[in-house]
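The block underneath contains the structure these notes are about, expressed in C-alpha cells.
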There are 2 protein chains.
Amino acid sequence: MGKLDFAPIADTTRRAEIVVLLRRAILTGQLEPGQKLNELRIAEQMRVSRAPLREAMRELVQEGILTSIPYAGTFVIDVTAKDIDDAYSLNKVLDEFAIELTWRLRDRRFFDELDRRHDAVKQATRDLDTTRQIEMALQLHGLIHEWADNSVLLETWQRLASRLQMYFALHQRARKEPVPAEDIHETYVRLLKGSDMRAAQRHAREHIGLDFEELLAYARSLESKGARADRPGLPRERPGEA
Amino acid sequence: MGKLDFAPIADTTRRAEIVVLLRRAILTGQLEPGQKLNELRIAEQMRVSRAPLREAMRELVQEGILTSIPYAGTFVIDVTAKDIDDAYSLNKVLDEFAIELTWRLRDRRFFDELDRRHDAVKQATRDLDTTRQIEMALQLHGLIHEWADNSVLLETWQRLASRLQMYFALHQRARKEPVPAEDIHETYVRLLKGSDMRAAQRHAREHIGLDFEELLAYARSLESKGARADRPGLPRERPGEA
DNA sequence: ACTTGTTAGATTGTCGACAATCTGCTTGAT
DNA sequence: ATCAAGCAGATTGTCGACAATCTAACAAGT
C-alpha cells in the first residue's frame with residue numbers, strides 16, 4: 001500500500017464556519033471594541049439558527065476577544081492601554097522563551113518558511129493591504145512559537161496573537177496614513193538565521209517594542225479623551241468567574 | 001452615600017453552573033482523560049437540556065481541558081508526558097515573570113493572603129484531603145500571578161493551572177500512598193517574604209521541579225505500558241484549526 | 001476469507017418556539 | 001417638576017423535536 005498520509009478533512013459544521021467569520025470580523029476591526037453582538041440579527045444575516053451561533057460565541061469568549069454578560073449580551077472586548085501594555089510585556093517573555101526553544105531546532109525548512117512568510121509581509125505591504133500586512137507580520141512572528149515544539153506555548157501565543165492583531169488593526173484603521181513602506185522585519189529575519197541567540201532575543205524585544213510604543217500612545221490618547229458615550233449600556237467591568 | 005463597593009452578583013445561568021460542575025469533575029479526575037462525554041446522558045443527569053450543556057462544553061474546549069471532534073463527540077483531553085513537560089517548562093517562565101512583576105507590589109495584604117493560603121494547604125494536608133490539597137497548593141502558587149497586576153498573565157496562568165490540577169489529581173489518584181506530610185511550601189513562602197528576588201525565582205523553579213519530575217515519571221510509565229485499548233474510538237490526533 | 005453494500009441504532013448538529021430577564025417609556029401620585 | 005410603579009418591546013436563555021452523520025452489525029458477492 002502507498003505511504004501517502006492524508007490530512008484530516010476540514011470541519012464542516014456551521015459552528016466552525018461561524019467562528020471563522022466572527023473572528024475575522026473582530027480581528028479586522030469590522031466589529032468595533034465594545035460593540036454588542038445581536039444574536040438574532042447576526043443569525044439572520046448568516047442564514048443560521050441561533051444555536052450554532054451562540055456556541056461559536058462561547059468559543060470566542062473563551063478565546064478572549066468577546067466578553068459575555070448574562071441576559072445583557074455579548075460584546076467585543078474593550079481595549080484599554082493597560083491591556084495592550086500587559087499583552088506587550090508578556091509577549092516579550094514568550095518571545096524570549098520561544099527563541100530559546102526554537103534555536104536548536106532551526107533547519108532548512110525553518111529558514112525556508114521564514115523567508116516565505118517574510119515575503120508575504122512584503123507582498124502585502126506592496127499591495128497596500130494593511131489588514132493583510134498585519135496578519136502576515138503576526139504569522140511571521142508566530143513561526144518561532146510554532147517551531148518551538150511546545151503545544152502549551154503555541155496555544156498561549158495564538159491567544160495572544162488574536163488580541164495583538166485586533167489592537168494593531170484598530171490602530172491602523174485609526175490613523176489615516178498609509179502603511180510604512182520600509183521593511184522593518186529585515187533585521188529580525190537575519191538575526192534568526194544567525195548564530196547569536198542572545199542578539200536575536202534582544203532584537204525581538206526592541207523590534208516589537210517600537211510598534212507597541214506607538215500603539216500604546218494611541219490607546220492612551222483614546223482614553224484621555226474620556227469614555228465614549230455613543231454606545232449605551234457598555235460594560236465597565238466584566239463579572240468575575242467563580 | 002456609603003463607600004461600600006459590592007461584588008457583582010453571581011451568574012445565574014444554567015450554563016455557568018454546568019461549567020463549574022463539569023470542570024470540577026474533570027479536574028478531580030472523576031472524568032478520566034480520553035473519556036467521551038455523552039450529551040444526552042449528562043443532560044438527563046443534570047436535569048438540563050442539551051443547549052446550555054453544549055455551550056458549556058464549548059467553553060471547556062477552549063479552556064483546553066476538553067477536545068471536540070465533529071459528529072464524533074467531546075472528550076476529556078489525553079495527557080501525554082510531553083504535554084506535562086511543555087506545561088512545566090512554560091510554567092517556569094511564567095513564574096519567573098510573575099515574581100518579577102509582583103515583587104515591588106508586595107505589601108501587608110499580600111503577606112497575609114500568602115499565609116492564609118499556606119495555612120489552607122496545611123489544613124488540607126492534615127485532613128488527608130488530597131484533592132483539596134492539590135487545589136489549595138495551586139491557589140497558593142497562583143497568588144503571585146494574581147498579584148502581578150497583568151490580566152493577560154493571569155488568564156494564561158489560570159488556563160495552565162487547570163491542566164496542572166488535572167495532571168496532579170491524576171497522579172495522586174494513581175499512587176495509593178498517602179499525601180506527603182511534611183510542608184514543602186515553607187521555603188517558598190519564606191523566600192517570597194524576603195528581600196532576594198533572584199533567590200525566590202530560583203527556588204520557584206526547583207521547588208516546582210521536584211513535583212513535576214515525579215509526575216513526569218508517572219506519565220512516561222503509563223505511555224511505555226502501551227496505548228490503552230479499553231476505550232474504543234479514541235482520537236489519536238485532534239484536527240487542526242483553520 | 002475478504003471485501004463491499006446495506007441497514008438499524010445511537011449520537012451529534014441544527015432548528016424554531018417558548019420562558020426568563022432586561023431596558024426604556026409611560027402613567028400617575030405627590 | 002420629580003420620582004416610583006408598572007407596562008410593552010426587545011433580547012437572551014432554555015427547551016423539545018428534527019435532520020445529518022457516524023458506528024457497528026449483517027448480508028451478499030467475489
Side-chain angles (χ1 to χ4, degrees), chain A residues 1-2 6 8-22 31 34-62 66-76 229-239 242, chain B residues 1 8-22 31 34-62 66-76 229-239 242:
Chain A
M1 52 188 77
F6 292 97
I9 65 173
D11 294 351
T12 59
T13 60
R14 298 204 190 319
R15 181 183 70 237
E17 295 190 32
I18 296 171
V19 165
V20 172
L21 285 181
L22 277 184
L31 287 170
Q35 187 171 346
K36 176 175 174 178
L37 278 66
N38 186 311
E39 296 178 2
L40 199 57
R41 203 161 49 79
I42 295 178
E44 281 172 357
Q45 288 178 1
M46 290 187 179
R47 306 290 183 84
V48 186
S49 87
R50 285 172 55 221
L53 172 62
R54 284 173 58 88
E55 290 187 18
M57 286 165 89
R58 293 309 148 239
E59 290 192 22
L60 294 177
V61 166
Q62 285 308 105
L66 288 182
T67 181
S68 166
I69 298 180
Y71 291 107
T74 305
F75 309 80
V76 179
D230 45 345
R231 282 191 302 276
L234 266 191
R236 285 267 58 87
E237 206 163 353
R238 77 181 78 177
Chain B
M1 55 187 76
I9 65 172
D11 293 351
T12 61
T13 61
R14 299 205 191 311
R15 183 183 69 238
E17 295 190 32
I18 296 172
V19 165
V20 172
L21 285 181
L22 278 183
L31 287 170
Q35 187 171 345
K36 176 175 174 178
L37 277 66
N38 186 311
E39 297 179 0
L40 200 57
R41 204 159 48 78
I42 296 179
E44 282 172 357
Q45 288 178 1
M46 291 188 180
R47 307 289 183 84
V48 182
S49 89
R50 284 173 55 222
L53 172 62
R54 283 173 60 87
E55 291 187 18
M57 286 164 91
R58 292 309 146 237
E59 291 192 22
L60 294 177
V61 166
Q62 285 307 106
L66 288 182
T67 182
S68 165
I69 299 180
Y71 291 106
T74 305
F75 308 81
V76 179
D230 45 343
R231 282 190 302 276
L234 265 192
R236 285 267 57 88
E237 207 162 352
R238 78 181 77 175

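In the text below, chain A, chain B and the rest are named by the order of the sequence lines, each starting its count at 1.
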Contact state string [nucleotides 8-15 of chain C, B base, S sugar-phosphate only, - no protein heavy atom under 4.0 Å] = ---SBBBB
query = Atom CE in B:Met57, atom CZ in B:Arg15: separation rounded to 0.5 Å?
reply = 15.0 Å
inquiry  = Quick check for you: to the nearest 0.5 Å, what is the distance between A:Met46 atom CE and A:Ile18 atom CD1?
reply    = 6.0 Å
message = So which atom in B:Glu39 and which in B:Leu53 form the shortest heavy-atom distance, rounded to 0.1 Å?
response = O-CD2, 3.3 Å
inquiry  = If you define the side chain from C-beta out and look only at heavy atoms, does anything of B:Val76 sit under 4.5 Å from B:Leu66?
reply    = yes
inquiry  = For A:Leu60 and B:Gln62: C-alpha separation, side-chain torsions, deciding distance, then whether side-chain contact (heavy atoms from CB on, under 4.5 Å) applies.
reply    = CA-CA 8 Å; A:Leu60 294 177; B:Gln62 285 307 106; over 6 Å; no
